[in-house]
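Proteins get letters first, then strands, A, B, ... in listed order; numbering begins at 1 in each.
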There are 2 protein chains.
Amino acid sequence: MPSRETGNGRLPIYLRIQDALTAEIARGAWRPGDALPSEDALARDFGVALGTVRKALGALAAEGKLDRRQGRGTFVRRPDFGNAMFRFFRHADADGVPLRPTARLLARRRTRADAGIAAKLGLARGDELLELFRVRLIDGEPILAEEIALDARRFAPLAALPADAFGDLLYPTYERVCGAAVARASEIIRFDRAATRVAKALGVARDAPVAAIERTAFAIDGAPLEFRRSYGPAERFAYALELK
Amino acid sequence: MPSRETGNGRLPIYLRIQDALTAEIARGAWRPGDALPSEDALARDFGVALGTVRKALGALAAEGKLDRRQGRGTFVRRPDFGNAMFRFFRHADADGVPLRPTARLLARRRTRADAGIAAKLGLARGDELLELFRVRLIDGEPILAEEIALDARRFAPLAALPADAFGDLLYPTYERVCGAAVARASEIIRFDRAATRVAKALGVARDAPVAAIERTAFAIDGAPLEFRRSYGPAERFAYALELK
DNA sequence: CAGTGGTCTAGACCACTCC
DNA sequence: GAGTGGTCTAGACCACTGG
């Protein structure tokens with residue numbers, strides 16, 4: 001038995017391993033999709049028993065940081081928010097066919113951050129922003145209007161990107177063009193009324209009721225990357241929850 | 001080594017133990033708040049190693065079915081939806097003092113179930129319902145109007161209960177007066193406009209925008225107990241989510 | 001086939017709770 | 001101090017994946 005001094009750091013070993021691995025992932029030691037060393041190798045590296053690293057890996061998998069697949073290995077999870085916004089809206093998939101939303105970029109401009117957005121993005125007031133405005137459609141019908149704010153420096157390549165190269169999903173574009181990978185996000189749902197620009201994009205009356213989803217997206221190291229406000233027609237909004 | 005035939009049931013032992021314990025709990029072998037036998041005792045009963053029952057108990061704790069407390073024991077969790085509705089609404093707690101909502105019963109009557117509610121409650125169309133209408137307030141200000149439908153037979157004692165004996169929370173009342181314990185619930189958030197009765201209760205204009213939360217509450221054996229529609233002023237609605 | 005994670009066991013000691 | 005869950009170890013075999 002190598003050391004038998006659980007109390008040396010006061011924190012359980014498996015938690016320290018969990019933290020160590022989290023830090024390694026945040027540092028970028030393994031990119032999303034990469035495989036970690038095998039359980040055996042990790043146990044040797046950390047000088048602990050197999051069961052201990054298993055406990056740490058299991059916890060990280062439960063947190064959504066890792067994917068474990070028998071016979072394959074343990075992988076850094078690539079979060080897929082693909083069409084996460086659309087979980088809020090009923091879209092008429094009469095036949096159960098998963099409808100693929102599309103996106104159209106309506107506007108792109110540089111502005112300066114007001115205090116609110118600066119705080120959300122970890123910038124200073126007056127710092128330069130890249131602002132996108134786009135509409136997302138299902139079956140040609142507009143479902144969501146989105147105002148997106150980005151640090152203009154960090155996302156400079158997007159300013160020059162042809163409008164039709166943005167694609168239907170932005171996060172893969174951020175990663176491909178700017179090397180910025182979104183790891184998690186936090187959202188707030190509110191109810192609001194459509195401003196002129198939003199109303200026009202959605203094809204509803206000005207001041208029509210809309211559901212507003214504010215999202216801040218973060219990199220794996222915790223730095224905020226994007227702040228986004230998405231608006232959809234209130235009468236299409238429906239969101240399900242389970243309570244235990 | 002007692003048996004060494006993992007494959008006898010084809011399902012991992014810890015999953016079978018998990019299922020067995022879930023069934024026992026649903027059957028009411030232990031009431032909410034009761035302690036389960038110790039890990040040691042369970043391991044002996046099931047004829048498996050300690051680690052195996054630990055894995056099952058840990059999973060059940062993660063699901064929210066059990067509470068485990070070091071030095072105390074493992075307990076059947078009593079779900080506490082206390083003021084769960086209010087997680088949807090900003091209530092002005094300027095000093096961070098947790099404001100305690102109150103409730104006032106405005107109406108109580110017998111009706112018959114239409115097809116929709118019958119389906120929600122597992123009844124037949126035309127079966128007798130007990131319908132409650134109440135308003136919930138914070139600091140004297142109405143925040144939620146609630147329409148509640150119950151099986152009149154199952155909840156017969158409520159028909160006779162004095163209005164001021166309902167208390168601020170219904171679920172404890174259901175359990176105390178009718179022996180009906182709520183174990184979980186599922187909700188759908190929508191956006192709607194205030195009907196006359198709701199508008200009056202909330203002190204807003206008719207057709208004012210409201211957030212509507214539909215909730216079906218279930219007993220531990222999965223039987224639906226209550227269907228409830230709660231309405232609150234749309235401009236006070238705010239709900240936070242985390243995405244990973 | 002070798003290598004990976006998944007399950008299971010057996011037994012040790014630690015940390016907390018309550019009498 | 002007795003009893004509980006929490007941590008850790010060491011080693012076995014199973015089930016799946018890929019060359």
Side-chain angles (χ1 to χ4, degrees), chain A residues 1-21 24-25 30 33-78, chain B residues 1-21 24-25 30 33-78:
Chain A
M1 219 168 296
S3 73
R4 191 69 302 235
E5 37 193 15
T6 305
N8 62 3
R10 168 141 84 295
L11 212 54
I13 298 177
Y14 77 93
L15 280 180
R16 277 180 285 156
I17 292 178
Q18 214 173 309
D19 291 348
L21 291 175
E24 286 293 277
I25 295 169
W30 308 286
D34 283 3
L36 266 60
S38 75
E39 300 180 338
D40 259 327
L42 288 172
R44 268 196 314 277
D45 291 355
F46 284 110
V48 300
L50 222 176
T52 304
V53 312
R54 281 188 58 78
K55 181 149 188 178
L57 292 173
L60 290 170
E63 285 177 30
K65 293 199 174 74
L66 297 178
D67 271 340
R68 316 197 68 197
R69 269 168 309 173
Q70 180 171 159
R72 304 275 320 275
T74 300
F75 303 84
V76 177
R77 179 151 178 254
R78 176 192 306 280
Chain B
M1 220 167 294
S3 74
R4 192 70 302 233
E5 36 194 16
T6 305
N8 61 4
R10 171 140 86 294
L11 213 54
I13 298 177
Y14 77 92
L15 281 180
R16 277 180 286 157
I17 293 178
Q18 213 173 310
D19 291 348
L21 291 174
E24 287 292 278
I25 294 168
W30 308 285
D34 284 1
L36 265 61
S38 75
E39 300 180 337
D40 258 328
L42 287 172
R44 268 197 314 275
D45 290 355
F46 284 110
V48 300
L50 223 175
T52 305
V53 313
R54 281 188 58 77
K55 182 148 187 178
L57 292 172
L60 290 169
E63 286 177 30
K65 293 200 173 73
L66 297 177
D67 271 340
R68 315 197 69 199
R69 266 164 313 167
Q70 180 171 161
R72 304 276 318 278
T74 300
F75 303 83
V76 177
R77 180 153 178 253
R78 177 191 304 280

- request: Provide, to the nearest angstrom, the distance between the CZ atom belonging to B:R68 and the P atom belonging to C:dT17.
  value: 15 Å
- prompt: Taking DNA chain C as the partner, which of residues 55-66 of chain A come within under 4.0 angstrom of it by heavy atom?
  reply: none
- request: Check whether any side-chain heavy atom of A:K55 lies under 4.5 Å from a side-chain heavy atom of A:T52, and answer yes or no.
  value: no
task: Give the minimum heavy-atom separation between B:I17 and B:A56, together with the two atoms involved.
output: CG2-CB, 3.8 Å
- prompt: Between atom CZ in B:R44 and atom P in C:dG11, what is the gap in whole Å?
  reply: 14 Å
- request: Provide the closest heavy-atom pair for B:V53 versus B:L42 in the form atom of the first, atom of the second, distance.
  value: CG1-C, 4.1 Å
Integer-rounded Å distance: C:dA15 C1' and A:L11 CG: 14 Å
query: At what distance, to the nearest 0.5 angstrom, does CD1 of A:I25 lie from CG of A:L36?
result: 6.0 Å
query: Over how many whole Å does the gap from A:D40 atom CG to D:dT9 atom P extend?
result: 14 Å
- request: Enter the inter-axis angle for the ends of the helix from C:dC1-D:dG18 to C:dC18-D:dG1 (five pairs per end, rounded to 10°).
  value: 10°
query: Can you list the steps and then say if A:E39 with A:R68 is a salt bridge (charged side-chain N to carboxylate O under 4.0 Å, His left out)?
result: CA-CA 11 Å; A:E39 300 180 338; A:R68 316 197 68 197; 2.3 Å; yes
field: Any B:R69 side-chain N or O less than 4.0 Å from OP1/OP2 of C:dC16
entry: no
- request: Using a cut-off of strictly less than 4.0 Å, decide whether B:R54 has a side-chain nitrogen or oxygen near OP1 or OP2 of D:dG6.
  value: yes
- line: Rounded to whole Å, the CD-P distance (A:E39 to D:dC14) equals 18 Å
message: Using side-chain heavy atoms (C-beta onward) and a distance below 4.5 Å, is B:L21 in contact with B:L57?
response: yes
message: Counting C-beta onward and ignoring hydrogens, is there a side-chain heavy-atom pair between B:W30 and B:T74 closer than 4.5 Å?
response: no
Presence of B:T52 side-chain N/O under 4.0 Å of C:dT9 phosphate oxygens OP1/OP2: yes
- request: Measure the distance from CZ on A:F46 to C1' on D:dC8 and round it to the nearest whole Å.
  value: 16 Å
- line: Among the nucleotides C:dT9, D:dT7, D:dG6, whichever has the atom closest to the side chain of B:A49 is C:dT9
query: Rounded to whole angstroms, how far apart are CG on A:L50 and C1' on D:dT9?
result: 10 Å
message: Measure CG/B:L42 against P/D:dT4 and give the value in whole Å, please.
response: 11 Å
At a cut-off of 3.5 Å, list every protein nitrogen or oxygen paired with a nitrogen or oxygen from nucleotides 16-19 of chain D, distance to 0.1 Å.
residue	atom	partner	partner atom	Å
D:dC16	O4'	A:Q70	OE1	3.3
D:dG18	OP1	A:R72	NE	3.2

- request: Look at the side-chain N and O atoms of B:S38 and state whether any lies under 4.0 Å from the OP1 or OP2 oxygen of D:dG3.
  value: no
query: For the side chain of A:V48, counting heavy atoms from C-beta on, which of D:dT7, D:dT9, C:dG6 is nearest?
result: D:dT9
task: Could you grab the distance from atom CG of B:D19 to atom CG of B:L60, nearest 0.5 Å is fine?
output: 8.5 Å
